[in-house]
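Naming: A, B, ... by sequence-line order, numbering from 1 per chain. Side chains are part of it too, since the values below use all heavy atoms of this structure and drop only hydrogens, waters and symmetry mates.
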Amino acid sequence: MRWTPFVAIPAAFVIVIPAKATVYLTTEQAQRAVFPGASFTGVPGRSGVWRVSTGGYFIIDRVVGKHEYITYAVGISSNGTVKQIEILQYNESFGSEVREASWRAQFVGKSAGSALQLNGDIKNISGATLSSKHITDGVRRVLAMYETSLKGVQ
Amino acid sequence: MKRARPLLGTFVEIAAEGLPDPALDRAINAAFDAVECVRRLMSFHDPHSDLSRLNRLAAIEPVEVHPWTARVIARALALHHATGGLFDCVVGAELMHWGLLPDHGFASVQPGRSTAVQFMAKNRIAFRTPVALDLGGIAKGFAVDRAIAVLRRQGVRGAVVNAGGDLRVFGPEATPVHIRDPLNPAVVWTAGFLNNGAIATSSAAETIKIVRGTKVSALVCAETRAPLTDCNSYSVVAATCALADGLTKVLAQIKRTDVPCFKRFGATGIITIPVGTSPLAA
């Protein structure tokens, strides 16, 4: 292991991220990742729902959290259980106050070489654990939809 | 290639490179499977996990567990010893009492210490008293380590596994690592560059809530058994993510980066004070 600390004074290298989008998979890539080798037929009248040639369904849904909205895919096996969940896109957005100079001002002047940046491509962030509970709630909703209107329909 | 799945109650992101796409796909899938396996074995929330079986039965009779579960518990006990008791996984009773962990109908859970947990054989564990073990302080880091081990075995050139903020990097290049402000999620700062190592961060801020008029959190002071409720975040850089994860709980109690045992472990502690608050508030 090698660790090279960047600076002794954290506030000198504060970066504000007003919005950050990470795209992991396109719809087609997610379909291949969840049901390899299968083909997909859109279900008429339902956007984001596909019937899978090998049985089951592929469904794209979106959940909205306090600071984020997440597009994800659920693969449902022919027996109605969740086969796999993949995140397609993760967007973080911190609202208008972050764009206001007055809000950002609180981070400026913390030290001499204060280098406040606004940056959209920050990777490898360590920090308090982000909850994925709203995905769990979303999947529950998707399964309820499957039970009431997809299951058994040919 | 970069993928993410909701696992371990958070988002697990795996980035890997240096193999043809189909091989990378397989390697990343296998790494996610390892993380899911750790969840299945060590989740407190899942009543069928190894951990829940231990908490239900180990005070009555020795319980046989998966080698990975045994490995994590052995490390937790060793860390308990090496940190003079500051790292303690026997906090289930407190967290259940505060409504932060579910009760799966355990007979009579009592508070206790890691010393209540004993190995009867390699993968057989018994509790001296009916305590509740919670591996939340170390299992996520262990899952990240397993995912990295799988990716290495599959021959990737470089990889990053980030389980909601506990991350490990592998490969020839040093990677910049950022730490998020515990109270301002839009704000991060560049902490340093990491090469073949791990960083984990814990903060009471994410779990603080008021229960029966008292402020509680998922971080417990080993000595007083009171919840830690300051809003700083505590990061540790170490060779493995399980070690980094475990040592964040020690740093959160000592609140000083010159912890003697860190040197022995080759670990570095970093305390992030939320911007706009006084260091004295800690």
Side-chain angles (χ1 to χ4, degrees), chain A residues 1-7 9-20 22-25 29-30 32-33 36 66-68 70 72 84-90 92-95 97-98 103-104 106-107 110 117 119 122-136 138-139, chain B residues 2-13 15 25 29 32 140 160 162-167 169 174-182 184-203 205-207 233 235 237-240 266 268 270 272-273 275-276:
Chain A
M1 181 193 69
R2 197 168 72 242
W3 169 247
T4 315
F6 195 48
V7 66
I9 311 151
F13 289 88
V14 158
I15 301 163
V16 178
I17 322 171
K20 180 173 178 290
T22 311
V23 178
Y24 295 101
L25 296 169
Q29 287 169 335
R32 277 202 299 275
K66 192 173 168 204
H67 296 297
E68 69 279 1
I70 302 160
Y72 68 101
Q84 197 169 311
I85 303 165
E86 290 280 343
I87 307 295
L88 272 62
Q89 191 168 339
Y90 192 106
E92 276 181 77
S93 172
F94 298 99
E97 86 272 14
V98 173
W103 185 87
R104 294 202 306 264
Q106 65 182 309
F107 307 110
K110 290 285 165 191
Q117 305 175 33
N119 199 322
I122 299 292
K123 292 183 293 185
N124 306 327
I125 302 175
S126 184
T129 305
L130 310 164
S131 168
S132 62
K133 189 180 171 299
H134 39 306
I135 298 275
T136 311
V139 171
Chain B
K2 189 158 71 173
R3 301 250 301 270
R5 288 191 197 169
L7 282 168
L8 306 168
T10 185
F11 297 96
V12 178
E13 183 181 273
D25 240 331
N29 280 340
F32 276 125
K140 197 192 295 152
V160 181
N162 187 348
D166 289 3
L167 68 94
V169 301
T175 310
V177 169
H178 309 275
I179 295 178
R180 208 185 273 274
D181 186 287
N184 299 280
V187 175
V188 304
W189 64 280
T190 311
F193 294 86
L194 186 59
N195 203 195
N196 288 317
I199 179 168
T201 298
S202 290
S203 172
E206 57 188 296
T207 53
S233 78
S235 308
V237 180
T240 71
T268 305
I270 302 162
T272 303
I273 297 157
V275 178

Between Thr201(B) and Ser126(A), which heavy-atom pair has the shortest distance, and what is it?
OG1-OG, 2.5 Å
Check the pair Phe11(B) / Ile135(A) against side-chain contact (heavy atoms from CB on, under 4.5 Å), numbers first and verdict last.
CA-CA 10 Å; Phe11(B) 297 96; Ile135(A) 298 275; 3.6 Å; yes
Which one, Pro176(B), Gly197(B), Ser203(B), Pro6(B), leads in non-hydrogen pairs under 4.5 Å with chain A?
Pro6(B)
Would Lys2(B) and Thr22(A) count as a side-chain contact (heavy atoms from CB on, under 4.5 Å) here? Give the steps.
CA-CA 9 Å; Lys2(B) 189 158 71 173; Thr22(A) 311; 3.6 Å; yes
Is Ile85(A) close to chain B through its backbone or its side chain, or both, or neither, when contacts mean heavy atoms under 4.5 Å?
both
Which portion of Leu8(B) sits near chain A, non-hydrogen atoms under 4.5 angstrom:
neither
Less than 4.5 Å to any heavy atom of chain B: does that hold for the side chain of Gln29(A), its backbone, both, or neither?
neither
Chain A shares the most heavy-atom pairs under 4.5 Å, among Ser233(B), Ala238(B), Ala163(B), with Ala238(B)
Measuring from Leu167(B):CG to Asn124(A):CG, what's the distance to the nearest 0.5 Å?
5.5 Å
For the backbone of Ser132(A) and the side chain of Thr10(B), can you confirm whether one donor and one acceptor N or O come within less than 3.5 Å of each other?
no
Separation of Asn162(B) CG from Lys123(A) NZ (nearest 0.5 Å)
12.0 Å
Contacting moiety of Ala205(B), where chain A heavy atoms sit under 4.5 Å:
neither
Any heavy-atom pair between the side chains of Leu194(B) and Met1(A) that's under 4.5 Å?
yes
About how many Å separate CZ of Arg180(B) and CD1 of Ile17(A), when rounded to the nearest 0.5 Å?
6.0 Å
Turns out that what part of Tyr72(A) lies under 4.5 Å from chain B's heavy atoms comes down to neither
If I measure from the heavy atoms of chain A, does Pro185(B) come under 4.5 Å with its side chain, its backbone, both, or neither?
both
Which atoms of Ser202(B) come close to chain A, meaning under 4.5 Å heavy atom to heavy atom: side chain ones, backbone ones, both, or neither?
neither
Of the backbone (N, CA, C, O) and the side chain (C-beta and beyond), which part of Ala15(B) lies under 4.5 Å from a heavy atom of chain A, both, or neither?
neither
Counting only heavy atoms closer than 4.5 Å, note whether Val188(B) contacts chain A via side chain, backbone, both or neither.
both
Chain B contact via Ile70(A) - which portion, at a heavy-atom distance below 4.5 Å
side chain
Is Ala200(B) close to chain A through its backbone or its side chain, or both, or neither, when contacts mean heavy atoms under 4.5 Å?
backbone
Does some side-chain heavy atom of Trp3(A) sit less than 4.5 Å from a side-chain heavy atom of Val177(B)?
yes
To the nearest 0.5 Å, what is the distance between CG on Asn195(B) and OG1 on Thr4(A)?
7.5 Å
